[in-house]
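The structure under discussion appears below in the form of structure tokens.
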Amino acid sequence: MGIRFIVMVNKQGQTRLAQYYEYLTLDRRRALEAEIVRKCLARTENQCSFVEHRTYKIVYRRYASLFFLVGVDNDENELAILEFIHLLVETMDRHFGNVCELDIMFHLEKAHFMLEEMVMNGHLVETSKSNILAPIQLMDRAS
């Protein structure tokens, strides 16, 4: 399948955005998020950005005060997922101008919309920043 979930958390471990591409009950989501956030935030900058957890491989990256955590299948390419995270951040930067935690909190629907333009059913389908942002810019102009 590829990507199983994408979670953005702050340095305190509070979830700011979560998108799942497989069904998990709310309790299982909460437990999974708590476990992987605890695991990833406890790691130092000198350690690699890949962690094995249950049946997932967690690929994460920190940008400013936000951690981007992506849960993938064990056979997925870690470097490709790091590139995906970087593309997501660059796309958000282009739209919000140096994206920060508050941008995600106050424009959660736009952040989800960007993810929905990029990832469909756990597979990366769009990598062009212009194509990703075009529908969002149309919505901004219409409102």
Applying the side-chain contact (heavy atoms from CB on, under 4.5 Å) test to E76, which of V59, I3, I81 qualifies?
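Going through V59, I3, I81 one by one, the side-chain contact (heavy atoms from CB on, under 4.5 Å) with E76 is satisfied by I81 alone.
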With heavy-atom distances below 4.5 Å as the criterion, would you say the side chains of [X] and [Y] are in contact?
{"X": "V9", "Y": "L41", "answer": "yes"}
{"X": "V89", "Y": "F68", "answer": "yes"}
{"X": "V119", "Y": "V125", "answer": "no"}

Centroid-centroid under 6.0 Å between F50 and Y60 rings
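No: the rings miss the under 6.0 Å criterion.
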Can you get from V37 to V70 by hopping between Ile, Leu, Val, Met, Phe, Trp and Tyr side chains that sit under 4.5 Å apart?
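Hydrophobic grouping puts V37 apart from V70.
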Holding to salt bridge (charged side-chain N to carboxylate O under 4.0 Å, His left out), I want the full list of residues that pass it with E35, two or more places apart in sequence or in another chain.
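Partners of E35 under the salt bridge (charged side-chain N to carboxylate O under 4.0 Å, His left out) test: R54.
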Tell me if a side-chain donor or acceptor on D93 pairs with a main-chain N or O of G97 at a distance below 3.5 Å.
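No, the answer is negative, given that no donor and acceptor are paired below the 3.5 Å cut-off.
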Can you tell me if D73 uses its side chain to pair, donor with acceptor, with the backbone of D75 under 3.5 Å?
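Such a contact is absent between D73 side chain and D75 backbone.
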Any side-chain donor-acceptor pair under 3.5 Å between H86 and Y63?
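Checked: H86/Y63 side chains pair up, N/O donor to acceptor below 3.5 Å.
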Considering only NZ, NE, NH1 and NH2 on the basic side and carboxylate oxygens on the acidic side, decide whether K110 and D103 come within less than 4.0 Å.
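Salt bridge between K110 and D103, a charged N being under 4.0 Å from a carboxylate O: no.
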Does the pair E52/K57 count as a salt bridge with the N-to-O cut at 4.0 Å?
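No, no charged N to carboxylate O under 4.0 Å.
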Give the C-alpha distance, both sets of side-chain angles, the deciding distance and a yes or no for side-chain contact (heavy atoms from CB on, under 4.5 Å) between M120 and L115.
CA-CA 8 Å; M120 186 178 296; L115 274 176; over 6 Å; no
Can you confirm whether E83 is buried at CD, in the sense that more than 12 heavy atoms of other residues, nucleotides or ligands lie under 6.0 Å from that atom?
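Counting neighbours around CD of E83, 12 or fewer heavy atoms of other residues, nucleotides or ligands fall under 6.0 Å, so no.
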Does the Lys NZ or Arg CZ of R29 fall within the cation-pi geometry relative to Y20 - under 6.0 Å from the ring centre and within 45° of the axis?
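Yes, a cation-pi geometry holds between R29 and Y20.
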